[in-house]
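Sequence lines set the chain letters: A, B, ... in the order given, protein chains first and strands last, and positions in each chain run from 1. Only heavy atoms go into these numbers, but all of them, side chains included; no hydrogens, no water, no symmetry mates.
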2 protein chains.
Amino acid sequence: MFPSVLGADRPDTASGRSGWTRRLGTAIGRVVGGYRARMPAASSPSRRPHSGNRRDDAARLAVLHAADDLLAENGFGALTVEAIARRAGVAKQTIYRWWPSKVEILLDTLIEDSDKRIPVPVEKPSAESILRYLRGFARFVARDPAGKVLLALIAEAQHDAGTAKSFHQRYLGPRRAREREMLTRATEAGEVAPRLGADATMDALVGAIVYRALTGSSIPRGLVDTLVDDLLRPRAD
Amino acid sequence: MFPSVLGADRPDTASGRSGWTRRLGTAIGRVVGGYRARMPAASSPSRRPHSGNRRDDAARLAVLHAADDLLAENGFGALTVEAIARRAGVAKQTIYRWWPSKVEILLDTLIEDSDKRIPVPVEKPSAESILRYLRGFARFVARDPAGKVLLALIAEAQHDAGTAKSFHQRYLGPRRAREREMLTRATEAGEVAPRLGADATMDALVGAIVYRALTGSSIPRGLVDTLVDDLLRPRAD
DNA sequence: CGTTGTCCAGACAGGACGTCTCGTCTACGC
DNA sequence: GCGTAGACGAGACGTCCTGTCTGGACAACG
């Protein structure tokens with residue numbers, strides 16, 4: 001049902017690639033910049049003309065996929081950098097060169113996956129599109145292996161302050177901005193009439209769904225529908 | 001505001017107790033059985049008449065308090081069994097003798113604290129008492145140091161299957177049973193009229209509150225009030 | 001063709017884990 | 001009383017993962 005996380009074709013490891021790099025580099029490309037792509041000096045636009053060898057994109061993808069797979073198979077508790085390196089066929093140092101922690105690896109995969117699977121419908125906002133979005137979100141978080149990454153990061157953010165900061169800055173913040181936009185537009189268009197503010201309303205909807213997922217319960221469609229109806233539909237009295 | 005988690009008087013460590021044990025043993029007693037109290041053979045009611053020395057209750061409390069304090073101070077990520085042992089003035093083996101993991105320690109403190117701070121009002125259920133309960137819950141989870149334990153355990157349950165099982169069996173399950181009772185009685189009395197089932201309704205209410213706490217947002221009273229009103233009050237149409 | 005930077009491979013110290021073995025002390029049974 | 005069973009503090013032990021740091025091979029660019 002969900003054959004593969006993060007893209008269609010994926011090599012099992014990054015090893016045994018003679019000529020791989022060039023083909024991959026142009027064929028796939030980078031959808032998301034990834035952790036380090038934005039870290040070093042975003043202020044200086046024209047950096048060094050890049051001497052030396054360039055980053056191996058196959059290795060980057062192998063790491064992302066390995067992390068994803070290992071999380072789905074054994075859970076976050078068993079996820080170690082060494083295991084990721086082994087599975088990806090990559091040296092440990094290659095991982096530490098580009099990511100400061102396994103959390104940033106997961107964050108990279110999560111951003112890529114959720115942009116692909118559950119984009120926020122900011123254009124043409126309507127009660128119907130909001131409902132569809134939340135149904136998709138519920139499905140993502142409850143049944144999609146990639147949704148487990150989201151749950152794992154929410155969890156890890158409770159344990160580590162650095163994770164919390166990064167998770168907010170890179171994922172929750174931007175996503176919530178789009179959700180707020182979606183809800184605000186729909187409200188202004190008279191499509192919905194929430195009694196709470198945009199953030200509180202989204203938290204109530206998303207929170208209920210996420211909590212069900214966190215506690216291992218299923219998320220029947222009727223739950224989402226009723227919730228949306230109760231919180232977004234204007235009351236008669 | 002919340003001077004101490006888990007009881008009033010607490011020694012800093014368990015060491016230096018000459019004569020401590022006897023006094024503590026009778027004075028404080030055990031509110032909750034704790035992890036191991038129910039584990040070994042609940043089938044045989046009359047066990048061995050207990051030769052040897054008995055369990056040191058001061059050590060038990062010192063461990064519970066140390067875990068609580070360390071979690072509040074440094075977060076779950078920095079919480080180690082060794083650190084708990086050091087802080088409690090207790091040998092590591094003493095901890096492993098009674099708890100299989102630090103999670104069970106936290107579970108012991110959580111059960112004790114939430115029974116004390118946010119009991120579920122199953123008697124005399126009313127819309128008003130439900131609202132008060134949820135306000136208290138929101139306060140507990142957002143501002144009480146003991147509430148951090150709940151968040152940490154929800155988080156750890158995502159990372160480890162064993163934690164998830166234990167957390168459900170010992171905390172979420174029993175608590176939800178009482179909450180369901182509360183809601184069902186209030187519904188039968190005509191006090192409230194949820195459109196969703198008891199579990200789904202509670203998840204929507206609790207989930208929204210927990211999600212705010214998990215993402216570090218405050219939980220204004222108006223949010224809880226409106227949520228309760230939207231989900232529990234009968235709709236006119 | 002040399003410089004630069006990435007890659008794999010592996011060594012390394014540090015820390016936490018969970019187990020184990022001591023010696024001490026205390027409650028209970030005989 | 002006295003012996004024994006069990007809890008306790010102290011600390012050693014092997015294992016695993018961490019994050020850093022080498023070395024040597026390779027590829028891109030000037």
Side-chain angles (χ1 to χ4, degrees), chain A residues 13-26 34 36 40 47-63 70 74 76-105 159-160 162, chain B residues 13-26 34 36-37 40 47-63 66 70 74 76-105 159-160 162:
Chain A
T13 70
S15 58
R17 90 198 90 88
S18 18
W20 252 106
T21 310
R22 210 167 337 112
R23 266 188 283 132
L24 271 177
T26 56
R36 206 177 163 200
R47 202 63 173 162
R48 211 175 315 122
H50 221 352
S51 144
N53 201 355
R54 286 221 195 74
R55 179 175 187 181
D56 188 346
D57 211 61
R60 180 186 140 263
L61 289 173
V63 168
L70 287 173
N74 311 111
F76 187 91
L79 186 67
T80 68
V81 174
E82 293 202 334
I84 296 173
R86 271 196 303 273
R87 168 74 86 111
V90 148
K92 208 168 38 157
Q93 180 59 28
T94 299
I95 294 183
Y96 281 112
R97 191 179 353 261
W98 299 104
W99 293 277
S101 71
K102 58 183 175 181
V103 163
E104 298 294 336
I105 302 176
H159 292 166
D160 178 72
Chain B
T13 70
S15 59
R17 84 197 97 84
S18 21
W20 252 107
T21 311
R22 211 167 337 113
R23 267 188 283 135
L24 272 175
T26 55
R36 207 178 162 196
R47 203 60 175 163
R48 213 173 313 125
H50 220 350
S51 144
N53 201 357
R54 288 224 193 73
R55 180 173 186 180
D56 187 344
D57 211 59
R60 181 187 139 263
L61 289 172
V63 168
L70 287 174
N74 310 112
F76 188 91
L79 186 67
T80 67
V81 174
E82 293 199 337
I84 296 173
R86 271 198 302 274
R87 167 75 85 113
V90 148
K92 208 167 41 154
Q93 181 58 32
T94 300
I95 295 182
Y96 282 111
R97 184 171 9 251
W98 298 104
W99 293 277
S101 70
K102 58 183 175 180
V103 163
E104 299 294 337
I105 302 176
H159 291 168
D160 179 72

Report summary line: A correct 5'-to-3' footprint of nucleotides 21-27 of chain D, with B, S and - meaning base, sugar-phosphate only and no protein heavy atom under 4.0 Å, is B-----B
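- Between the CZ atom of B:R60 and the C1' atom of D:dG6 there is a distance of 19 Å, rounded to whole Å.
- Listed pair A:R55 / C:dG5 fails the phosphate criterion, with no side-chain N or O lying under 4.0 Å from OP1 or OP2.
- Rounded to a whole Å, the CH2 atom of A:W99 is 13 Å from the C1' atom of C:dT6.
- Using a 4.5 Å heavy-atom threshold, the side chains of A:D160 and A:V103 count as separate.
- Rounded to whole Å, the distance from CG on A:L79 to C1' on D:dC16 is 15 Å.
- Taking every side-chain heavy atom of A:R97 into account, C:dC7 is the closest of C:dC7, C:dA16, C:dC8.
- One interatomic measurement links the two molecules: CZ of B:R86 to C1' of D:dG11, which rounds to 14 Å at whole-angstrom precision.
- Distance A:I105 CD1 to D:dT18 C1': 13 Å, rounded to the nearest Å.
- Minimum interatomic distance between A:A91 and A:A85 (heavy atoms only, all atoms of both residues): C-CB, 4.3 Å.
- With a 4.5 Å cut-off on side-chain heavy atoms, A:L79 and A:N74 do not count as touching.
- No side-chain heavy atom of A:E104 sits less than 4.5 Å from a side-chain heavy atom of A:W98.
- Here B:A83 pairs with B:L70, B:T80, B:R86 under the side chain to side chain contact (heavy atoms under 4.5 Å, CB included) rule; sequence neighbours left out.
- Distance, A:R87 CZ to D:dC17 C1': 18 Å, rounded to whole Å.
- The phosphate of D:dC8 (OP1 or OP2) has a side-chain N or O of B:W98 nearer than 4.0 angstrom.
- Straight-line distance from the CZ atom of A:F76 to the C1' atom of D:dC17: 13 Å, rounded to whole Å.
- By the 30° and 60° cut-offs, the orientation of the rings of B:H159 relative to A:H159 is perpendicular.
- Here B:T94 does not reach the OP1 or OP2 of D:dA7: none of its side-chain N or O atoms lies under 4.0 Å away.
- For the pair B:E82 CD and C:dA16 P, the computed distance is 6 Å after rounding to whole Å.
- The minimum heavy-atom distance linking A:R55 with A:W99 is given by the pair NH2-CH2, 3.3 Å.
- Picking from D:dT18, C:dC17, D:dG9 the nucleotide with the shortest atom distance to the side chain of B:Y96 gives C:dC17.
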